[in-house]
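Accompanying notes for the structure given below.
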Amino acid sequence: MSDSRKPFPFDEFEPKWQARWDSEKTFRTPNPGEDGFDASKPKYYVLDMFPYPSGAGLHVGHPEGYTATDIVGRYKRMKGFNVLHPMGYDSFGLPAEQYAIKTGQHPAITTAANIETFRRQLKSLGFGYDWDREIATTDPKYVRWTQWIFLEIYNSYFCEETNTARPVSVLETKGWSRDEIDNVRLAFVADTPVWWSPDLGTVLANEEVEEWKGKGHTVERRPLRQWMLRITKYAQRLIDELDMLDWPEGIKLLQKNWIGRSEGAEVVFEISGCGLPPQSVADASRVGVKRKVTVFTTRPDTLFGATYMVLAPEHPFVPGITTAEQKEAVEAYQKAISSKSDLDRGDLNKDKSGVFTGAFAINPVNGEEIPIWIADYVMMGYGTGAIMAVPAHDERDFEFAEKFALPVLQVVQPTNDADWKGYTEHGIAVNSGFLDGLPTAEAKAKMIDWLESNGQGKRRIQFKLRDWLFSRQRYWGEPFPIVWKDGKHQAIPDSELPLLAPPLDDYKPSGSPEPILSKARGWVELPDGSVRETNTMPQWAGSCWYYLRYCDPSNSDRFISKEAEAYWSSNTQSSINDTQCGMVDLYVGGTEHAVLHLLYARFWHKVLFDLGHVRTPEPFQKLVNQGLIMGEDGQKMSKSRGNVVNPDDVVSAYGADSLRLYEMFMGPLEQVKPWQMKGVEGVSRFLARVWRLAVTEEGSVSPKIQDAPCADKELLRVVSETIKKVGEDIEKLSFNTAISQMMICTNAFTQAGTVPLAEFVGFLKALNPFAPHITEEIHFRIGGQGLVSEMEWPTYDESALIRTECELVVQVNGKLRDRIWMAMDASEDAAKELAFASPKINEHIDGKMIRKVIYVPGKILNLVAN
RNA sequence: GGCGGCUUGGCGGAAUGGUAGACGCGCUCGACUCAAAAUCGAGUUCCAAAAGAGUGUGGGUUCGAGUCCCACAGCCGCUACCA
């Protein structure tokens, strides 16, 4: 498109207004105590998920959420709020480092260049961020406080009595020993089997494994010494406190399922001596095997139906209990399982496999001996790594029992006519001694009582959630502020923060699990003989608290000042309910962070809450997930499909306002929707129509603009309705319908012939949050003073909305038969009279009795006749 | 397998239980133009049309259902032997 073809000169005025907002700091938000702070205004905190600054630049998904929050932020400013609307960069992490390795440049350089690109692109879209609050997680001034928060976590334990974190100093005063304290810290070191990726040179959290494997990296299971965060202590609170949040129910459920609470019981089985030859009993005692195995079950009511037991192949008791005859088979099986990649264990698991250990366990409830097997369908990582198998009422156990010809014993009677074999629902207990006749729920309770009073088990709540594997072996992350002395870890003094990674020539993966920082001997080895921790933190660390730092981004004394924390946590009425538990009023971002980022950030926030550093129990009050934007072919955008749309191209062809408006007009924010370049043209045409209302082809003020009271009642009504609806729709985040109303309003202006100035300016204000540049420019060209962005939200006269006449729909037996113009407040009798006068109505009620009349004034008259 | 979401014209999508298809795209016709583009105006669910039919399918509640309830199907996500 050549310049002369552009319907309005966005390429000239968009950069002009961006420069003006920038130089005048139009969107600067002062903190309490700073110049220009107005304490009488309520606060509104609207947050975007900050981008990871990749080399590829922004994609069209970014401006979707960012435009939505920008509209809300600009609108709330106009409505008289102190709006906190910041932006920053999640600039640590594995992708940055991989990119640096590929290009041979230091990650600090590539990261800075990428941030530069992102900043330019964000500014070119005219977002009203307070750029004075811009942060990057890699900034040493930011790292300093990430490390400080880590030390707060490190120096805390979880107090079971209060159900909160407390400083470990509490334990010191109680006389706890150093080792005892280290065992309960919220950040702790453990030797644990982890996912190690040789070509990435780092371990990965369980939840990251799939992502990187998908990108072609290899991953293997290894036991390694790692830092962990005790997030499991917060499992119950992380579930319960979801109730206070205005989040989509689907996301809440996703988190609940991830945390995976299940109620059940531990049952203790003794290992029977009968199956054990003397030498293996001796083996057992030598390796410290207790002669009891504990299983976890959610169905203690089925204990009478347990016909065998299964241990995970890695279960530590396995070597001790295996009989001499079975030893070879068991070891072969264990070896086969450990060499299997998890892919095999996952995808190719159609067939159950397992081996008999030769040992037996005694069912505590009836004294029966049942065989102990090992099988890979039992995981070491969940429950106790051992199960009682009840094949009659568990699908997996049933499949296994069928394959290995193990007995299947019914203990639950279905309540419907289903076959009892493989019946896993609740029913009535049978063949179960003292439980017989009880429904499942009661049977569970009675069995747990029995187990507890006989010392054979106890009630237990089990979570799927594992402690958070928090260390990485990479270069591009925050080093741990920890040194090791005499085999024990300790925090470095606060005065040494931030602890930055040493410069390295080579940060490529070595193929060994030794962290990359250990290569920097001069950094690692300290004069007093202690050595630095060489692991680094995962990318999540920076994104766990960035929303707090925005509140007070340049504070060098605290991660956030008490005053800033108090003000930005203060209660404003959210649009959904009146109580506020989260600091951020509105948080918009993609579903890909539904579990991990949002769970980790909630966890850190709760620790900070417990320690008295923040006053809200939750970080994010209202969460909205924007839907994915698909390619024009309806497929996910990807380079390989060649359907990627670059926002820069759209901006240069149609302007930033058109891109913003189009992304909001595509459909509901939360919905998945395909890109259509024709649609961008459509909204661009709409903006051109608005432009031509006020500006002639020569660029002067259109003569249609008349600075006189609006005499056109209908036009006045449309403008008033538009201002009303746009405001309401922004509150509901229903941007597509707000835009369609503004299109209706523009069409009304166009048809009206003259455009009354006051109404037109009101309209410009309503359009401003969506299309800030063109509205500023038009306002300027028609002689307006000041910035539209700094004006108050337009008002309208309620009386202008009132209609006196309406088109009443007349139905006969629910079918539309006629429409009648009549007074809005007409009585039912008057409406009926008009209806009976209609030939179309008479045609349908002729010769019939009117049985019932439904009249909704202004809407509908339904005659029920037969 | 489990959980969640979605299903409305040729397309993107509108519809507090009350005129289905707002608004936009596309298309058709007209105006302007030597012509085209742009722009402006009219039309556009289906059927030639009256009648009628019509919101994935089948049932139900209701004076009235795209909307509420039950069952089913298809598509898209996430998750996966969690005992």
Side-chain angles (χ1 to χ4, degrees), chain A residues 4-7 207 210 248-254 256-258 260-262 264 295-299 302 310 312 345-347 349-350 352 375-379 381-390 394-397 399-400 424 462-466 591-592 594-595 625 627-628 630 632 634 636 661-662 665-668 670-683 685-686 688-689 692 697 734 736-747 750-751 807-819 851-856 858-865:
Chain A
S4 60
R5 288 276 178 89
K6 280 180 180 143
E207 34 292 16
E210 283 310 315
E249 286 306 315
I251 301 295
K252 288 188 185 181
L253 203 63
L254 226 50
K256 281 183 191 164
N257 291 343
W258 185 266
R261 181 185 200 270
S262 38
V295 304
F296 173 71
T297 177
T298 54
R299 291 296 297 273
T302 62
V310 186
R345 212 162 153 168
D347 290 349
N349 64 16
K350 294 259 156 61
K352 289 275 181 293
D376 68 349
Y377 82 92
V378 174
M379 310 287 141
Y382 183 76
T384 61
I387 62 154
M388 63 180 216
V390 185
D394 181 283
E395 257 176 63
R396 295 148 300 169
D397 296 345
E399 205 184 307
F400 192 84
T424 59
Q462 174 67 37
F463 295 95
K464 273 200 284 187
L465 184 68
R466 304 264 71 86
T591 337
E592 67 273 21
V595 178
N625 291 121
L628 208 60
M630 313 298 269
E632 286 210 59
K636 229 178 187 165
L661 207 60
Y662 172 63
F665 189 60
M666 292 174 85
E670 301 188 60
Q671 197 168 298
V672 179
K673 35 204 182 281
W675 184 272
Q676 293 185 79
M677 216 38 114
K678 282 282 183 195
V680 187
E681 266 175 53
V683 293
R685 266 204 286 267
F686 158 65
R689 275 202 297 277
R692 283 194 302 269
E697 270 184 54
S734 180
N736 55 332
T737 53
I739 293 166
S740 93
Q741 181 63 40
M742 289 189 284
M743 289 171 166
I744 291 170
C745 189
T746 302
N747 293 342
T750 304
Q751 308 222 315
E807 198 179 43
L808 185 76
V809 168
V810 184
Q811 297 182 334
V812 177
N813 292 334
K815 284 195 193 248
L816 172 70
R817 296 303 183 190
D818 203 1
R819 300 161 218 248
R851 300 283 173 197
K852 195 171 178 182
V853 176
I854 286 99
Y855 177 55
V856 183
K859 288 267 179 186
I860 203 164
L861 178 73
N862 188 10
L863 306 170
V864 185

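Sequence lines set the chain letters: A, B, ... in the order given, protein chains first and strands last, and positions in each chain run from 1.
One cannot find a donor-acceptor pair under 3.5 Å joining the base of B/C11 and the side-chain atoms of A/Lys678.
Along RNA chain B, the nucleotide closest to A/Lys859 and the one closest to A/Thr298 are compared, and the more 5′ of them pairs with A/Lys859. Take the nearest nucleotide of RNA chain B for A/Val809 and for A/Asp397: the residue whose nucleotide is more 5' is A/Val809.
Rounded to whole Å, atom P of B/G18 lies 18 Å from atom NZ of A/Lys815. For A/Leu465 and B/U79, the CG to P distance is 15 Å, given to the nearest whole Å. Distance CD1 (A/Ile860) to P (B/A65): 11 Å, rounded to an integer number of Å. Look at CZ on A/Arg692: it is 6 Å from C1' on B/U39, rounded to the nearest Å. Regarding A/Lys256, its NZ atom lies at a distance of 17 Å from the C1' atom of B/C78, rounded to whole Å. Distance CE (A/Met666) to P (B/A14): 12 Å, rounded to an integer number of Å. B/G64 atom C1' lies 6 Å from atom CG of A/Asn862, rounded to whole Å. With rounding to whole Å, A/Arg817 atom CZ is found 10 Å from B/G52 atom C1'.
For CD of A/Glu395, the number of neighbouring non-hydrogen atoms (other residues, nucleotides, ligands) closer than 6.0 Å is 12 at most.
Considering only the side chain of A/Arg685, B/U39 comes nearest among B/U39, B/C81, B/G52. Here B/A14 is the nucleotide among B/A14, B/G24, B/G18 with the atom lying nearest to any side-chain atom of A/Thr737. The listed nucleotides are B/G18, B/A83, B/C23; the one nearest the side chain of A/Phe665 is B/C23. In the set B/C23, B/G13, B/A83, the nucleotide with an atom closest to the side chain of A/Met379 is B/A83. Side-chain atoms of A/Met743 lie closest to B/C23 of the nucleotides B/A14, B/G41, B/C23. Comparing atom distances between the A/Ile744 side chain and each of B/C40, B/G41, B/C23 picks out B/C23 as nearest. The side chain of A/Arg689 lies closest to B/G24 when the candidates are B/G24, B/C23, B/C78. Listed nucleotides B/C81, B/G24, B/C3 differ in distance to A/Asn257; the shortest reach to its side chain belongs to B/C3. Counting only heavy atoms from C-beta on, A/Asn736 has its side chain closest to B/G13 among B/C11, B/G13, B/G24. Checked against B/G18, B/A83, B/C23, the side chain of A/Ile387 finds its nearest nucleotide in B/A83.
The glycosidic torsion of B/G9 lies within 90° of 0, placing the base in the syn range.
Taking atom C1' in both B/G60 and B/G26, one finds a spacing of 40 Å when rounded to whole Å. Here, B/G24 and B/G1 have their C1' atoms 42 Å apart, quoted to the whole Å. Across B/U61 and B/G43, the matching C1' atoms stand 40 Å from one another, rounded to whole Å. Comparing the P positions of B/A83 and B/U7 gives an interatomic distance of 33 Å, to the nearest angstrom. Nucleotides B/G10 and B/U57 have their P atoms positioned 14 Å apart, rounded to a whole Å. As rounded to the nearest Å, B/C40 and B/G56 have C1' atoms that lie 41 Å from one another.
Of all heavy-atom pairs spanning A/Leu661 and A/Val683, the tightest one is CD2-CB, 4.1 Å. Considering every non-hydrogen atom in both A/Tyr382 and A/Phe463, the closest pair reads CE1-O, 3.8 Å.
Residues A/Ile854 and A/Leu861 have side chains not in contact (no heavy-atom distance under 4.5 Å, counting atoms from C-beta outward).
Between the side chain of A/Asp397 and the backbone N or O of A/Val390, at least one donor-acceptor pair lies under 3.5 Å.
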